Number of protein chains: 2
Amino acid sequence: MAVTLADVAVRAGVSAATVSRVLNGNYPVAGATRNRVLRAVEELEYVVNGPASALAAATSDLVGVLVNDIADPFFGIMAGAVQSEIGEPTAERGGPKLAVVCNTGGSPERELTFLTLLQRQRAAAVVLTGGALEDDAHRVALTGRLGRLESAGARVVLCGRPPLADTDFPAVTFDNREGARRITEHLLTLGHRRLGYLAGPQARTTTRHRLEGHRAALAAAGLAGDAARLTVRGDYGRSAGYAGAVELLAREPELTAIVAANDTVALGACAALRDRGVRIPEDVSVTGFDDLPFAVDATPALTTVRLPLHEAGVRAGKLALGREEPPADGVVTCGGELMVRDSTAPPRDA
Amino acid sequence: MAVTLADVAVRAGVSAATVSRVLNGNYPVAGATRNRVLRAVEELEYVVNGPASALAAATSDLVGVLVNDIADPFFGIMAGAVQSEIGEPTAERGGPKLAVVCNTGGSPERELTFLTLLQRQRAAAVVLTGGALEDDAHRVALTGRLGRLESAGARVVLCGRPPLADTDFPAVTFDNREGARRITEHLLTLGHRRLGYLAGPQARTTTRHRLEGHRAALAAAGLAGDAARLTVRGDYGRSAGYAGAVELLAREPELTAIVAANDTVALGACAALRDRGVRIPEDVSVTGFDDLPFAVDATPALTTVRLPLHEAGVRAGKLALGREEPPADGVVTCGGELMVRDSTAPPRDA
DNA sequence: CCCGGGACGGTAAGCGCTTTCTACTGGGGG
DNA sequence: CCCCCAGTAGAAAGCGCTTACCGTCCCGGG
């Protein structure tokens, strides 16, 4: 039925071993022989049987990429970057790798399930993107799974999340805390004193770090007191931002700024404010986080923190293939850049 | 080293065949035996060797998803939908499948390369998303590759693109022509008479169909004359929209509406207009296409055509796994829905 | 009471490739 | 002039799994 190595071998008048060696280029084969083989491959339109070679060589060219939601550009950009990096053939032992993207939807069980599935595929590497769940049971389970993956020969890389305790998997992380501190500081500098915070879901590292940065800035300005009252939680979606802004306004009508955990939440908040006739930034300033492509086109253009998502993905890809050595402590930290745009201004009473 | 089927068999005191049968559930195994096997699997933390079973069974649980750019929500949403569908285990012969997403970046060569890579993996199915290149040589090459994939046992499904000539691969397509016609008609109904068009890249079905729909509406209103002069081409990116709008304004300062090939281009156009002090929609109306999530939060909220991207992806996923029979002609057409928002209004002189 | 057949389980032959290990060749140094 | 090695090629043993193909065992009908 399908063309096999053996068919090519016959056609080229050599042994299967030779064909394999030509195709993998890891053993000397005389020029003439090589050409004969290549021609046979061409003529028969031979395509290697991946599973068979994966089995025989105990390696595959699949790299798993775990994301919360690939439809979200935050993850899309990182996944795309990882893919573009691993798609390039390496010098030694490396045709292009394929990216298997797994949408966990933020569910810890699905995360574990996907890791098992990837282990089953004998993935060459696994990149975990996005914030981690801060749950001890899950952390243990995850550590176990990742450990087994690693001992099965897969490289494990974290991207956009902090290093995993008690492990030394390389990580490319964002300095969420500092970014959040800076953007809140920006608001404080403008003169804001009553700022609400729209936090992400509970028990996520990203959520916590951003919140901590925000609080740190408030504390430095002697404003820690009201922080808890003016913090509303939700998921990272637009409607959570909408609802959160409404709630915040109810709790503190005199609010002059809303700091959102990410751009999407910020947009939801903006929509809520607009619907209530609150002007941005004249009445209330709003900030986002991430600087996804749409932030600049929002109503109004969002002041936010730009995260180098693409670069992080590329680095993660390199680490995943061992093209780059991780630093001694295993952590590559990417800073964010404050992007001041039109959604922030001094408060009216300033 | 790694735990194998044989290890499990020994542990459970049965033969390897029995373990395989328990795991695949496609052959009667007595309850007691089954439990013993399952326990052994558990205790040894056995994980099937995917490549090995793929080799032996001549099937894999990989599904390829080709996209132009996974960072673009247009593709991200479809890819996510495909993935969620194929991630569900099927009744017979079907553990969850994994999605291999391949970023072609719109390059025909990479499209072919990825298809070869997927064939090498013996992918169970391949979903091609996004508009197709209208180039005869490429069409032939593509048809060939897809034919080989299909005869290698992979299902091929088109998603968001029209059926491929001379083939009968099922396709889930968007009615781009009608959507474009409707949105232009909307503008005409508002009284616009001088409309510019920001087209997508040459030789793409999507570009052509949307342009045709636009022109059809113009023709129906007796406005076909100026169409060519008021059409500017670019890629589907934001900066193309920006540049295109500038160009359009230069060609026709009296323009009252700009119809963009998609939301991203529309946003670029909006930015250009804003930078020139042109008000939207008072001075110029702008329309998008696709209704990506950010369209509603744009400045101003974009009038556009909503495409059921998620639904299309799900359908494509079902077709890819044979969970759904394609209609007789092989084409599932998804209509768009006109979303009238704030970026369109009657022209000032109306 | 015997036999046919359904329900299980085992045996073993591959699936298509990689990779030792072995074999052959020709040439240069002893 | 012979031996040995560098340079190539082949033979064959798996890699870990699936799946015919066969036995067994036990049941119920004739």
Side-chain angles (χ1 to χ4, degrees), chain A residues 1-38 40-41 44-62 92-95 119-122 124 152-153, chain B residues 1-38 40-41 44-62 92-95 119-122 124 152-153:
Chain A
M1 179 77 232
V3 179
T4 73
L5 237 211
D7 299 330
V8 176
V10 169
R11 174 96 180 196
V14 299
S15 74
T18 301
V19 177
S20 169
R21 301 204 260 244
V22 168
L23 262 21
N24 294 304
N26 50 10
Y27 191 89
V29 172
T33 316
R34 155 184 306 274
N35 288 335
R36 219 156 3 109
V37 170
L38 258 16
V41 167
L44 297 176
E45 295 186 320
Y46 172 65
V47 176
V48 179
N49 183 318
S53 57
L55 173 58
T59 66
S60 87
D61 31 46
L62 258 28
E92 44 151 317
R93 175 57 78 208
Q119 181 176 349
R120 165 186 304 204
Q121 296 300 329
R122 299 299 186 261
Chain B
M1 178 78 230
V3 179
T4 72
L5 236 211
D7 299 330
V8 176
V10 170
R11 175 94 177 198
V14 298
S15 74
T18 301
V19 177
S20 170
R21 302 205 258 244
V22 167
L23 262 22
N24 294 304
N26 52 9
Y27 191 90
V29 172
T33 316
R34 154 184 306 275
N35 288 335
R36 217 154 5 105
V37 170
L38 258 17
V41 166
L44 297 175
E45 295 187 319
Y46 171 65
V47 176
V48 179
N49 183 317
S53 56
L55 172 57
T59 66
S60 87
D61 32 46
L62 259 28
E92 43 151 317
R93 174 58 76 209
Q119 182 176 350
R120 165 186 305 202
Q121 295 300 329
R122 299 299 187 259

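In this text the structure is predicted, and so the values were computed from the model without any measurement.
Below the 3.5 angstrom threshold, one finds a donor paired with an acceptor across the side chain of A:Tyr27 and the base of D:dA9. Donor-acceptor pairing under 3.5 Å, judged by distance alone, is absent between the side chain of B:Arg122 and the base of C:dG16.
For B:Ser15 and C:dG9, the shortest distance from a side-chain N or O to OP1 or OP2 is not below 4.0 Å. An OP1 or OP2 oxygen of D:dT18 is reached within less than 4.0 angstrom by no side-chain nitrogen or oxygen of B:Asn26. The shortest distance between the side-chain N/O atoms of B:Thr18 and the OP1/OP2 oxygens of C:dG10 is below 4.0 Å. Within the 4.0 Å cut-off from OP1 or OP2 of C:dT18, at least one side-chain nitrogen or oxygen of A:Ser20 is found. The side chain of B:Thr33 contributes no N or O atom lying less than 4.0 Å from OP1 or OP2 of C:dC8.
Summarising the geometry, the separation between CZ on B:Arg36 and P on C:dG10 is reported as 8 Å, rounded to the nearest angstrom. Summarising the geometry, the separation between CG on B:Leu23 and P on D:dT18 is reported as 7 Å, rounded to the nearest angstrom. We find that CG of A:Asp61 is positioned 11 Å from P of C:dT18, with the value rounded to whole Å. In this structure, B:Arg21 places its CZ atom 13 Å from C1' of D:dC17, rounding to the nearest Å. Between the CG atom of A:Asn24 and the P atom of D:dT8 there is a distance of 18 Å, rounded to whole Å. Taking atom CZ of residue B:Arg120 and atom C1' of nucleotide C:dC15, one finds them 18 Å apart after rounding to whole Å. Rounded to whole Å, atom P of D:dT19 lies 12 Å from atom CG of B:Leu55. Between B:Arg34 atom CZ and C:dC8 atom C1' the separation is 12 Å, expressed in whole Å.
Under the 3.5 Å distance criterion, the side-chain polar atoms of B:Arg36 are matched with a main-chain donor or acceptor of B:Ala12.
End-to-end axis angle of the helix from C:dC1-D:dG30 to C:dG30-D:dC1, using five pairs per end and rounding to 10°, comes to 50°.
Taking every heavy atom of both residues into account, A:Ser60 and A:Ala124 meet most closely at O-CB, 3.5 Å. Heavy atoms only, all atoms of each residue included: A:Ser53 and A:Val48 are closest at OG-CG1, 4.0 Å.
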A:Asn49 vs A:Thr4, side chain to side chain contact (heavy atoms under 4.5 Å, CB included): CA-CA, chis, key distance, verdict: CA-CA 8 Å; A:Asn49 183 318; A:Thr4 73; over 6 Å; no
Residues B:Arg122, A:Val47; criterion side chain to side chain contact (heavy atoms under 4.5 Å, CB included); working and verdict: CA-CA 10 Å; B:Arg122 299 299 187 259; A:Val47 176; 4.3 Å; yes
Criterion side chain to side chain contact (heavy atoms under 4.5 Å, CB included) on B:Leu5 and B:Leu23, from CA distance to verdict: CA-CA 10 Å; B:Leu5 236 211; B:Leu23 262 22; 4.3 Å; yes
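A:Asp61 is listed as a side-chain neighbour of B:Gln121, based on a closest heavy-atom distance under 4.5 Å. In this structure, A:Thr33 and A:Val22 have side chains that are not in contact, with every pair of non-hydrogen atoms separated by 4.5 Å or more.
When A:Thr18, A:Leu44, A:Leu38, A:Val14 are each tested for a side-chain contact (heavy atoms from CB on, under 4.5 Å) with A:Val8, only one passes: A:Leu44.
At a non-hydrogen distance threshold of 4.0 Å, nothing from residues 2-11 of chain B comes into contact with DNA chain C.
Taking the side chain of B:Ser53 as heavy atoms from C-beta on, and the options C:dC17, D:dA9, D:dC17, the nearest nucleotide is D:dC17. Of the candidates C:dT19, D:dT18, C:dG16, C:dG16 carries the atom nearest the A:Tyr46 side chain, counting heavy atoms from C-beta on.
Residues B:Ala17 and A:Asn49 both approach DNA chain C. Their nearest nucleotides, taken by heavy-atom distance, put B:Ala17 toward the 5′ side.
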